[in-house]
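In listed order, ligands and their atoms are each counted from 1.
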Amino acid sequence: MPIEILQTAKLLDSCEAALAERYTVHKLHLQADPAAYLAEIAPRIRAHAGSGVKGDLIAKLPNLEIIAGFGVGVDNIDLAAAKAANVRVTNTPDVLNDAVAELTIGLMISLARRIPQGDRFVRDGKWLNGGFGLFSELTGKTVGILGLGRIGKEIATRAQAMKMRVVYHGRNRQENQPYVYYDKLVDMARDADWLVLIAPGGKGTDRIVSREVLEALGPKGMLVNIARGTLVDEPAMVDLLVNGGLCGAALDVFEKEPQVPEALFSLDNVVLAPHQGSATHQTRDAMGALLVANLEAHFAGEPLISAVV
Ligand code: 8YV
């Protein structure tokens, strides 16, 4: 009997090909009448491939055994519902650490030196009328990292290569880390030149970067969000960027992607990216391979490679 699995959104081509080789894949998002289709196949579905799984979908799949997420973040999978229904959940950690850390440093340099703005300046022919201006650099600055996890540590290593001083905040001090720990985010924000967000999304971190934290970072402070838009009080952030309460921001993630607050579009002290932290061929292929490997391990009765639940 072939193993039947469910997909509810498009996945990477290489990942879809690997799934199709191994399983009977039902693609709900391609059906004319998804509800009717689901009602018919639901009892046969043993796995869901991909993230974005709500509790009501889990409730409709009586024989679901595993949700194999695509991405390290699991904030868009209802973990409580999965646990209650005895459904395992996996994610794709580690394989994306380098790509996300690279983009973080890239965004920081882009913001400090206004690289995208400089590119536009040249293309628009404005250089012919005078120089572009002077901006800031990373060297010698303090970067406060919110979330010194697997990706946070890769960012820290690279920030040191930029001759920055690294400090961090998280739920706990990590004994074996060489960086100064702040037990209050607002204190770290006050002392840092740069605040880099790389903590998980979800209820525990919702708007953890409040107006108070942003004001502590202050008019000379730079914010970098490479984690989740939900971490930040976005309206407060926009307000402070517009009014000079923050020096600048480099943002790869937003509260309601792909919607981006329009007020940011006209600001020169902002660098924007379309949630592309892990978006390289190398990394996305590795994420897809890990998703498939987790499913294979599960159906072979072996320990999961990266289990969340
Ligand atoms: C996305 C990410 O998963 O891993 C994460 O948590 O945010 C990204 O890698 C990716 O955009 C998948 O669509």
Any Lys/Arg nitrogen of E154 or R158 sitting under 4.0 Å from an Asp/Glu carboxylate oxygen of the other? yes
Between R165 and D193 (salt bridge meaning N to carboxylate O under 4.0 Å), is one present in this structure? no
Pocket residues around ligand 1 (non-hydrogen, under 4.0 Å) come out as F70, G71, V72, G73, L96, R228, H275, S278, R284, M287
Would you confirm whether the ring centroid of Y168 sits within less than 6.0 angstrom of the ring centroid of Y181? yes
Do the charged groups of K203 and D206 touch, with an N to O distance under 4.0 Å? no
Counting only N and O atoms by type, is there a donor-acceptor contact under 3.5 Å from the side chain of N91 to the main-chain atoms of V72? yes
Can E137 and K163 be counted as an ion pair, charged N to O under 4.0 angstrom? no
